[in-house]
There are 2 protein chains.
Amino acid sequence: MKLDRIDIRQTASATDLVFEALRKAIIEGELAEGEHLRQDHIAQMFNTSRIPVREALQRLEQDGLVTTQRFKGTVVAALSVSEIEEIFEFRALLESEMIRLAVPSLTREQLEAARANLQAFAETTDPGSWGEANRNFHYGLYEAADRPYHLQIIRSSLDRVDRYLRAQLTLTDGAQRANREHMAIFEACRKGDAAEAADLTRAHILDAGRSLLSILEKRRG
Amino acid sequence: MKLDRIDIRQTASATDLVFEALRKAIIEGELAEGEHLRQDHIAQMFNTSRIPVREALQRLEQDGLVTTQRFKGTVVAALSVSEIEEIFEFRALLESEMIRLAVPSLTREQLEAARANLQAFAETTDPGSWGEANRNFHYGLYEAADRPYHLQIIRSSLDRVDRYLRAQLTLTDGAQRANREHMAIFEACRKGDAAEAADLTRAHILDAGRSLLSILEKRRG
DNA sequence: CAATTGTATATTGGATCCAATCTGAGTTAA
DNA sequence: TTAACTCAGATTGGATCCAATATACAATTG
């Protein structure tokens with residue numbers, strides 16, 4: 001009997017699993033900023049030794065999601081107001097350029113997918129799902145730009161501020177406004193107006209940033 | 001007797017040291033792309049166990065400088081032509097914006113430092129030092145923009161292509177051209193013309209990218 | 001009582017050991 | 001001949017153990 005070779009190799013290491021789980025927890029705000037991440041504790045949660053945990057923490061630190069002090073440990077990174085401000089400015093620059101590059105190449109299928117994602121965002125009532133719906137809409141459009149490195153950096157910059165952004169969507173009328181802005185961006189894309197899509201995307205991100213900063217200033221004094 | 005408190009704590013872990021050394025070796029092109037990085041071998045070089053080596057490799061992978069396959073090991077990352085092309089495009093976008101933000105805030109001291117770095121680059125004959133002199137000139141100017149996150153991403157994007165860029169500076173008249181372009185950028189900064197400095201920086205980076213790509217296409221066929 | 005010192009415990013950094021997987025040379029069978 | 005199989009060595013992934021440091025709290029001293 002001749003069997004096809006089936007690859008049953010495990011593709012994910014323990015390090016990968018721990019990294020992804022912690023990354024998700026930080027991005028979604030389940031781990032509060034400043035919270036201590038004890039190696040032993042995390043290792044027990046994942047039923048592994050501390051080795052994969054430490055490797056995952058190294059990766060997270062490289063992504064700016066945690067900060068480590070030698071012999072003291074690792075805590076969830078806390079961003080200052082000016083750091084958050086800067087990252088929104090960065091995202092506005094990069095994502096507006098990305099949509100400009102994407103618009104001329106958008107296929108009918110990609111536009112249809114964007115419309116569906118737009119709809120999904122509008123219909124999402126669970127605040128915990130807004131973040132993902134938001135990403136789906138924007139990143140779906142960016143795919144057409146065919147710039148994987150740009151997209152990777154865009155993802156990484158959103159990762160750093162996503163937990164704050166989710167708070168902004170939840171605590172204010174941010175989700176409604178985001179939805180209106182998404183519709184305008186989509187319409188510009190549909191028309192093939194790259195410059196307008198870029199301008200709207202830029203304004204969309206800077207708007208969210210300003211709204212978020214006003215919340216933070218109230219909260220932090 | 002009252003002594004000032006002196007902090008004799010070791011600030012650098014073995015992981016830090018290994019990471020920095022490997023990063024430098026990759027950026028400077030001492031490790032060829034595709035070269036296998038054996039944990040055992042590196043551990044012996046640094047007189048440590050494999051644990052800090054593995055942690056350093058995790059960081060390097062997160063920065064895109066190496067790629068790892070489970071159970072197979074880690075190799076120095078090799079970029080495709082289109083990846084290199086994209087990163088130069090990314091750098092042109094980001095660094096032109098950075099200099100635009102920097103110019104209005106440039107102090108006399110920063111301009112003087114830039115002039116000195118310009119001179120240093122021009123007088124550097126050792127190809128191995130061009131990379132650093134180049135960074136000193138550009139990043140010195142960017143400091144004035146007071147955007148640490150932008151600068152971090154700029155560094156990281158240059159890290160990925162620096163070894164190719166150094167080859168381009170060495171193998172062609174790249175260094176001479178770079179020097180002329182640096183002088184023009186400096187002059188625009190001195191005049192306070194942010195838009196021109198941005199345009200020149202954009203052209204400077206795209207020029208180097210095009211020159212590099214033509215070399216690569218010859219080499220790789 | 002306040003400030004300092006000693007000490008026990010928790011936690012991290014690193015070394016060593018074992019298990020899982022890959023690789024490649026030699027062997028066998030169609 | 002050539003493709004598949006076997007097995008030993010090399011290499012990576014992970015667990016366990018030990019050392020170095022931090023932290024909290026009791027003890028001590030002025």
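Owing to the predicted nature of the structure, the values given are computational and were not obtained by experimental measurement. Chain letters run A, B, ... following the sequence lines, proteins first and then strands; every chain starts at 1.
Cation-pi geometry between B:Arg135 and B:Tyr139 is not satisfied (NZ or CZ under 6.0 Å from the ring centre, within 45° of the ring normal).
Side-chain atoms of A:Phe71 lie closest to D:dA20 of the nucleotides C:dA15, D:dT11, D:dA20. Candidate nucleotides D:dG14, C:dG13, C:dC22 were compared by shortest atom distance to the side chain of A:Thr68, and C:dG13 ranks first. Candidate nucleotides D:dA15, C:dG14, C:dT21 were compared by shortest atom distance to the side chain of B:Pro52, and C:dG14 ranks first.
Scanning atom types as modelled, no donor and acceptor separated by under 3.5 angstrom connect the side chain of B:Arg50 and the base of C:dG14.
Rounded to whole Å, atom C1' of C:dT16 lies 14 Å from atom CD of B:Gln39. Atom NE2 of A:His36 and atom P of C:dA10 are 15 Å apart (whole Å). Rounded to whole Å, atom C1' of D:dT11 lies 13 Å from atom NZ of B:Lys72. Separating the CG atom of A:Asp40 from the P atom of D:dA22 is a distance of 19 Å, rounded to the nearest angstrom. Going from atom CZ of A:Phe19 over to atom C1' of D:dG13 covers 18 Å, rounded to whole Å. In this structure, B:Gln69 places its CD atom 13 Å from C1' of D:dT12, rounding to the nearest Å. B:Leu37 has its CG atom 20 Å from the P atom of D:dA10, to the nearest Å. Spacing between atom CZ of B:Phe46 and atom C1' of C:dG13 amounts to 17 Å, rounded to whole angstrom units.
Between A:Glu28 and A:Arg163, no side-chain nitrogen of the basic residue sits less than 4.0 Å from a carboxylate oxygen of the acidic one, so the salt-bridge criterion is not met. Under 4.0 Å is where a charged nitrogen must lie from a carboxylate oxygen, and between A:Arg202 and A:Glu95 no such pair does. In this structure, B:Asp63 does not pair ionically with A:Arg59, as no charged nitrogen and carboxylate oxygen lie closer than 4.0 Å.
Counting non-hydrogen atoms under 4.0 angstrom, B:Thr74 reaches nothing in the nucleic acid. When heavy atoms are screened at a 4.0 angstrom cut-off, B:Leu57 is found touching no nucleic acid atom at all. A:Arg54 comes within 4.0 angstrom of a base, heavy atoms only.
Applying the 4.0 Å criterion to OP1 and OP2 of C:dG14, one finds that B:Thr15 has a side-chain N or O inside that range.
Residues B:Gly73 and B:Ile51 each lie close to DNA chain D; by heavy-atom proximity, the contact nearer the 5' end of the strand is made by B:Gly73.
Side-chain atoms of A:Thr170 come within 3.5 Å of backbone atoms of A:Arg166 as a donor-acceptor pair (strictly under, hydrogens ignored).
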